[in-house]
Amino acid sequence: MEKSEIVGVLEEISELLELKGENPFKVRAYQSGARALESLEEDLGTVIEDKRLGQIKGIGKALVEKITSLHETGKLAYYDELKASVPESMIELLTIPNLGPKKIKKLHDELGIDSIDSLKAACEAGKVADLAGFGAKTESKLLTGIANRVAYQARHHWWTAATVAEPIVEALRELPEVDRAEAAGSLRRKRETVGDLDFIVASKTPKPVMDWFVGLEGVEEVTAHGQTKSSVRFQGGLQADLRVVPPEQFAFALLHFTGSKEHNVHMRQRALERGWSLSEWGLFDKDTKADDPDRQSVIQAESEADIYAKLGLKFVPPELREDRDEIAVAEKGDFPKFLEIEDIKGVFHNHTTASDGHNTLEEMVTAAQELGFEYLGIADHSKASFQANGLDEERLAAQIEKISELNASGKFTCHVFAGSEVDILKDGSLDFADDVLASLDYVVASVHNSLTLSEEEMTKRIIRAIENEHVTMLGHMTGRLLLKREAYAVNIPKVIDAAIANDTIIELNANPWRLDLDWRYWRQAVEKGLLTSINPDAHDTDGLGLFVAGVNVARKGWIEPKHVLNTRPLAEIKTYLGL
DNA sequence: GCCGTTTTCGGCCCGACTGTTTTCAGTCG
């Protein structure tokens with residue numbers, strides 16, 4: 001078994017032990033053992049062979065045996081027995097907010113609750129409020145948590161949806177019957193979350209395409225299988241529709257099913273003003289009837305651009321079709337040149353195994369270089385982020401030293417900047433003193449705790465951090481976790497103004513679970529002079545690639561390359577950071 | 001389960017919030 005898989009097993013063991021009400025220190029021992037193993041930079045096989053595994057801090061006699069067994073045989077009897085003793089549906093209970101291992105154990109022991117369904121039933125029957133340590137408020141919070149979970153499950157993160165959709169579009173294009181294929185809908189508009197997938201295909205022989213689609217791997221249920229439209233549901237709950245249209249209708253169908261609905265309403269109004277009626281079938285004389293067999297489209301549209309042109313508009317990129325005056329701009333002239341993936345020259349705000357990342361410094365730099373980045377900014381957590389293994393002053397100094405040696409070694413062409421994601425404490429002061437901050441190349445300041453302050457207090461707190469001269473940029477401003485946790489209360493326009501006044505950057509956290517600050521605020525903010533940085537907040541080497549999701553929403557926010565720090569080449573960044 | 005030692009057992013572990021209590025336990029980041 002590979003190192004990363006073993007880390008996963010150790011983490012799962014710790015979860016299972018927690019649910020069983022085991023000694024919390026034992027639980028933590030498995031967590032820290034997993035972390036210690038993860039930060040191992042050498043080859044695991046070699047370390048086991050040399051009998052040096054036990055020398056690693058956090059890995060004792062018991063873990064040496066278990067890790068060795070997993071590495072050599074892929075099996076561990078202890079793990080199998082533990083797994084068999086806890087119902088799988090019970091692990092899911094840990095995903096409900098305000099419900100931790102202790103309460104789950106109590107619910108299980110006293111009421112026999114072992115799943116979300118049985119918890120819901122018990123709450124609705126009022127049985128939970130009667131338990132000692134629980135109450136009416138807890139019961140209703142749990143019910144809310146369960147309800148939110150259901151609502152959230154109806155939508156999916158863009159990244160997840162795109163990962164499913166992209167290979168399907170490519171495969172559709174490979175089919176001999178298919179002329180053209182695109183994914184439409186909110187996925188194409190690069191919305192932060194996606195309800196379902198819409199595939200539009202141009203073909204003269206729909207049937208084989210339909211049959212291929214409903215037979216896709218991972219399809220759990222076929223909810224429709226017709227002549228021109230089929231619907232399926234994949235494992236994990238994601239739904240997908242496929243529409244096959246004749247080639248001459250493709251552009252109209254793509255425009256229609258890309259939306260947004262509001263954008264379409266505007267477009268149809270515009271057509272009506274010109275004596276036409278626009279639909280997914282074509283652009284028609286408004287006085288002809290849909291059931292008229294001789295009805296002909298006013299134009300033959302090869303592409304969506306042809307339709308926009310006929311209506312006197314420049315092509316509107318899908319990301320902009322949100323009915324936020326994009327049609328007015330398209331009427332007057334061209335859009336500015338928005339941010340593109342290849343504009344990004346490097347990324348800041350990334351973690352390593354020094355705090356809660358899953359790859360070492362060298363692994364991260366290697367990956368950044370493979371992506372073609374000129375530079376990589378490391379910003380591990382600071383000490384107040386105790387749960388994330390935040391660095392204290394001493395460990396930070398050692399990391400700065402290590403980075404400086406790495407740069408001097410000439411091993412990588414990718415330059416590494418030494419930074420920190422320093423915690424903004426409750427009163428707005430920072431987790432490191434100014435002289436420590438001054439020793440860094442740059443500083444990301446983020447809120448990670450006390451999320452329930454009033455809007456006024458939170459705003460004051462964040463602005464105080466922005467005003468610190470050592471703070472280069474503000475991290476994930478609102479703290480939202482898409483489909484999991486709402487943003488905390490904060491006066492966003494006030495924070496934006498303060499950032500502009502203090503020449504502080506506000507990051508666009510590109511992690512698909514955050515995409516924070518929300519795209520709806522950016523257009524106005526950059527017009528006012530705000531500078532941003534597209535930050536993947538990577539916790540592993542794959543995470544570096546998430547900057548693409550940030551570029552997506554940057555385009556939705558009308559952000560241009562000049563508004564983004566990390567479109568600048570290395571030399572300019574050094575100047576900007578005063579290095 | 002790990003660690004360290006005043007060496008074989010006791011300590012490991014931050015700070016805030018919430019809801020349940022009436023001084024604290026559980027959860028979260």
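Chain identifiers are assigned alphabetically (A, B, ...) following the order of the sequence lines, protein sequences preceding nucleic acid strands; residue numbering begins at 1 within each chain.
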Span that lies between the P atom of dA25(B) and that of dT20(B), in whole angstrom: 16 Å

Within residues 1-14 of chain A, the residues having a heavy atom closer than 4.0 Å to DNA chain B are none

Is the H539(A)-H358(A) ring centre distance short of 6.0 angstrom? no

Taken in chain and number order and not counting sequence neighbours, the residues that satisfy salt bridge (charged side-chain N to carboxylate O under 4.0 Å, His left out) with R464(A) are D427(A)

Compile the donor-acceptor pairs under 3.5 Å between side chains in residues 93-105 of chain A and protein atoms, sequence neighbours left out, one pair per line.
| residue | atom | partner | partner atom | Å |
| --- | --- | --- | --- | --- |
| T95(A) | OG1 | E92(A) | O | 2.6 |
| T95(A) | OG1 | R149(A) | NH1 | 2.8 |
| K105(A) | NZ | D109(A) | OD2 | 2.8 |

Which nucleotide, dG1(B), dC12(B), dC17(B), lies nearest any side-chain atom of R28(A)? dC12(B)

With sequence neighbours excluded, residues passing salt bridge (charged side-chain N to carboxylate O under 4.0 Å, His left out) with D43(A): none

Which nucleotide in the list dT18(B), dG1(B), dA16(B) gets nearest to the side chain of K141(A)? dT18(B)

Could you run through nucleotides 20-29 of chain B and give me one letter per nucleotide, 5' to 3': B if any protein heavy atom sits under 4.0 Å from the base, S if only the sugar-phosphate is that close, - if neither? S-----SSSB

Find the partner of dG19(B): check Watson-Crick (N1-N3 plus N6-O4 or O6-N4) and G-U wobble (N1-O2, O6-N3) distances, both under 3.5 Å, and reply none if neither fits. dC24(B)

Using the test salt bridge (charged side-chain N to carboxylate O under 4.0 Å, His left out), find all partners of K83(A) that sit at least two apart in sequence or belong to another chain. none

Residues forming a ring-ring contact (aromatic ring centres under 6.0 Å, His included) with H448(A), sequence neighbours excluded: H381(A), H476(A)

Under 4.0 Å from OP1 or OP2 of dT18(B): is there any side-chain N or O of T452(A) that close? yes

Syn or anti: how is dT18(B) classified when any glycosidic angle within 90° of 0 counts as syn? anti

Taking side-chain hydrogen bond (donor to acceptor under 3.5 Å, both in side chains) as the cut-off, I'd like each qualifying pair that reaches into residues 134-146 of chain A, sequence neighbours left out, listed once. none

Between dC2(B) and dT8(B) - C1' atom distance, rounded Å: 13 Å

With F432(A) via ring-ring contact (aromatic ring centres under 6.0 Å, His included) - residues at least two apart: none

Between D431(A) and S382(A), a side-chain donor and acceptor under 3.5 Å: yes

Give me the distance, rounded to whole Å, that separates dC12(B) from dT6(B) when you measure between the P atoms they each carry. 16 Å

Only counting residues at least two apart or in another chain, list the ones meeting salt bridge (charged side-chain N to carboxylate O under 4.0 Å, His left out) with D518(A). R480(A), R520(A)

N/O donor to acceptor pairs below 3.5 angstrom from side-chain atoms of residues 61-71 of chain A, sequence neighbours left out:
| residue | atom | partner | partner atom | Å |
| --- | --- | --- | --- | --- |
| K66(A) | NZ | Y30(A) | OH | 3.2 |
| T68(A) | OG1 | V64(A) | O | 2.6 |
| S69(A) | OG | K75(A) | O | 2.6 |

Span that lies between the P atom of dC9(B) and that of dG15(B), in whole angstrom: 32 Å

dT5(B) to dG11(B) separation - C1' atoms, rounded to the nearest Å: 12 Å

Considering only heavy atoms, which members of residues 50-66 of chain A lie under 4.0 Å from some atom of DNA chain B? I56(A), K57(A), G58(A), I59(A), G60(A), K61(A), A62(A), L63(A), K66(A)

